[in-house]
*Asks:* 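Okay, handing you the structure first.
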Amino acid sequence: MPFNPMRQHFSAFNDQSDFKGIYLDSGATTQKLQTVIDITNRYYQSSVNVHRSSYKLASDTTQKFEDARRTLQSFINAKDHREIVWTKGATESINLLAACLPRSLLQKGKNIVISTLEHHANIVPWQILAEQYGLTLKVMPINDNGVLLLEEAVALIDEHTVLVAIGHVSNALGNINPIKSIITKAKTVGALTLIDGTQAVSHMAVDVQDLDCDFYVFSGHKMFGPTGVGVFYGKLPLLENMPPYQVGGEMIKKVSFKGSEFLGPPLKFEAGTPNIAGVLGLAAAANFIKSNRDTIVKQELALSRYLQQSLASLTGIKIWGDPQHKIATFSFTVNGVNHYDLASYLNIQNISVRVGHHCAMPLMEALGVDGTIRVSISCYNTEHELTNFIEALKSGICLFTNNSDSVFKNKISEEKAVDRPGELALAISQAKSWDEKYRHIMLAGKSFPRLPKEQLKEDLEIFGCESQVWLKCELIDSTLYIQGDSPSKVVRGLLAIIFEYLRGKRPNEVLDFDLNTHLKSIGLDRYLSNSRANGIEAVLDRIFDFCKEYSNTQN
Ligand code: PLP
């Protein structure tokens with residue numbers, strides 16, 4: 001395997017790391033640079049506060065903290081270091097703007113324009129603000145592949161537009177949006193512009209002066225930096241005219257019981273002790289990216305090309321988004337194969353990808369899917385990892401389409417699911433390997449009785465799972481009768497495990513059920529430890545609520 005020199009900067013890939021496997025989820029968060037870890041550790045080894053005390057260590061740390069602001073200023077080419085405001089991350093940065101946008105702008109009949117591609121963090125704050133102040137929320141449309149329709153998009157921006165808020169890069173699909181054209185149009189009508197750069201900053205150079213956007217936001221943890229720190233960039237005159245975000249220490253010029261005066265930007269927006277270690281770590285990450293930009297871009301481009309070709313050669317695959325203008329993120333679905341099933345198969349091969357709606361539910365609805373698999377690559381990935389991923393993906397597709405090339409060669413079609421009470425748990429607990437246990441789950445999922453289509457409605461749907469799940473609880477002769485459904489075979493198999501145990505029990509007996517103990521007893525605890533993510537816990541909560549309600553009526 002050709003050596004990727006980028007890997008040596010990340011401790012996740014050294015031999016002592018707990019992380020074993022292939023990480024293809026950098027869009028969720030990137031691995032952290034060793035320098036970032038070292039700098040944050042060093043701060044915690046001798047902690048002092050900033051902007052308060054004047055003894056040497058405190059003033060040195062304040063100096064480093066403010067140097068970090070200048071590093072980030074240079075990272076996005078802001079005009080003035082006071083335009084860099086520290087926040088917890090992109091979500092807080094967007095909420096800050098929603099809270100501080102001058103209320104005089106928010107008049108009834110005005111509008112805010114966002115796009116169909118936005119992350120929830122760049123939808124919900126504007127939705128709430130629009131509702132509160134009687135503004136209209138306009139949504140820029142996309143084509144069938146999920147690419148912004150530029151002509152229609154700019155046509156939505158009119159003289160009533162107060163703000164255009166759009167992602168630089170779509171987190172769900174990886175498209176690079178034509179933000180320059182959008183900013184230009186917004187300027188012609190005097191609208192403010194917010195660019196959510198969360199998925200852009202680690203992949204491409206950003207120049208906010210060249211973009212001429214009013215606000216630009218991003219999170220440290222998506223650019224090899226710490227979690228819990230991010231940037232809110234705003235043009236200085238705008239920041240000067242905005243009210244503070246939160247109030248308290250750090251942002252105060254003078255307080256008396258007659259009234260208080262605040263500092264100017266950026267401290268005006270930074271009430272309380274900031275995330276000092278995070279800020280120092282973020283500056284280290286920004287320095288690393290800046291000095292390795294060419295290598296990062298080259299590596300990601302080579303990997304992207306390789307993955308694009310490999311994915312495109314698979315039958316039945318649909319890659320969403322813009323194949324031309326994109327970062328190294330690939331979002332896809334496979335005909336006839338549930339995305340959650342595929343991702344859970346990849347998971348057992350130690351390959352980490354993201355599955356589901358990617359915090360972009362309206363986008364998924366517009367594309368007519370309930371989720372995709374997202375592979376997001378960073379400069380530390382290798383071609384060898386992608387080859388292994390493609391091989392595992394092919395095996396997974398074969399398995400779920402019952403192709404004879406399947407890794408479980410013919411076993412699925414030869415075997416029948418166990419269907420006597422307690423047999424499923426017994427079969428799983430006696431299975432010698434994870435592959436065998438998994439096969440039993442799949443078989444149970446395959447033969448699981450489905451709910452009639454007309455019952456698959458919102459009232460039975462359980463939210464918070466990576467795959468869609470519906471659940472119907474009834475009491476028959478004072479005992480629990482449960483039915484459920486999911487497009488995912490694996491989820492149906494997991495439902496079968498719980499249902500087998502709980503069905504026919506009295507509500508008070510159901511309430512004694514302990515999921516972890518049960519999973520342990522059948523040897524699944526190691527594999528299904530994150531039961532919240534795969535939805536079993538949410539299913540159980542609903543069953544418990546049903547039983548509690550019944551128990552209350554009996555008391
Ligand atoms: N915007 C985009 C495009 C994102 O991808 C994300 C996170 O995935 C966010 C906003 C929210 O970022 P954070 O959770 O770091 O605040």
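For ligands, and for the atoms within them, numbers begin at 1 and follow the listed sequence. All values below come from the heavy atoms of this structure, side chains included, with hydrogens, waters and symmetry mates left out. Count residues from 1 along the sequence.
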*Asks:* Starting from atom 4 (C) of ligand 1, which protein heavy atom do you reach first, and at what distance in Å?
*Replies:* H119 CD2, 3.3 Å
*Asks:* Parallel, tilted or perpendicular: which describes the rings of Y380 and Y23, with under 30° parallel and over 60° perpendicular?
*Replies:* tilted
*Asks:* Scan side-chain atoms only and decide if T161 and D158 contain a donor-acceptor pair under the 3.5 Å cut-off.
*Replies:* yes
*Asks:* May I ask you to check whether Y233 and F215 place their ring centres under 6.0 Å from each other?
*Replies:*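 Centroid distance F215-Y233: not below 6.0 Å, so no.
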*Asks:* So which of R354, H358, K222 gets nearest to atom 8 (O) of ligand 1, if we judge by its closest heavy atom?
*Replies:* K222
*Asks:* Out of S219, A121, G167, who is nearest to atom 15 (O) of ligand 1 when you count heavy atoms only?
*Replies:*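 Shortest heavy-atom distance from atom 15 (O) of ligand 1: S219.
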*Asks:* Check A90 against ligand 1 and report side chain, backbone, both or neither, counting heavy atoms closer than 4.0 Å.
*Replies:* both
*Asks:* Given T29, I94, T91, identify the one with the heavy atom nearest to atom 13 (P) of ligand 1.
*Replies:* T91
*Asks:* How does D196 reach ligand 1, if at all, at less than 4.0 Å between non-hydrogen atoms: by side chain, backbone, both, or neither?
*Replies:*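 Near ligand 1, D196 shows its side chain, while the N, CA, C and O stay back.
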*Asks:* Mind checking whether H221 contacts ligand 1 via backbone (N, CA, C, O), side chain (CB onward), both or neither, at a 4.0 Å heavy-atom cut-off?
*Replies:* side chain
*Asks:* In this structure, is the centre-to-centre distance between the rings of F224 and F10 below 6.0 Å?
*Replies:*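 Yes, they do, as the ring centres are separated by less than 6.0 Å.
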*Asks:* Please determine if Q199 has a nitrogen or oxygen closer than 3.5 Å to a nitrogen or oxygen of ligand 1.
*Replies:* yes
*Asks:* Is a side-chain donor-acceptor pair under 3.5 Å present for N177 with H325?
*Replies:* no
*Asks:* Test: salt bridge (charged side-chain N to carboxylate O under 4.0 Å, His left out). Region: residues 69-92. Which pairs qualify, not counting sequence neighbours?
*Replies:*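 Salt bridge (charged side-chain N to carboxylate O under 4.0 Å, His left out) check on residues 69-92 returns E66-R69, R69-E270, D80-R82.
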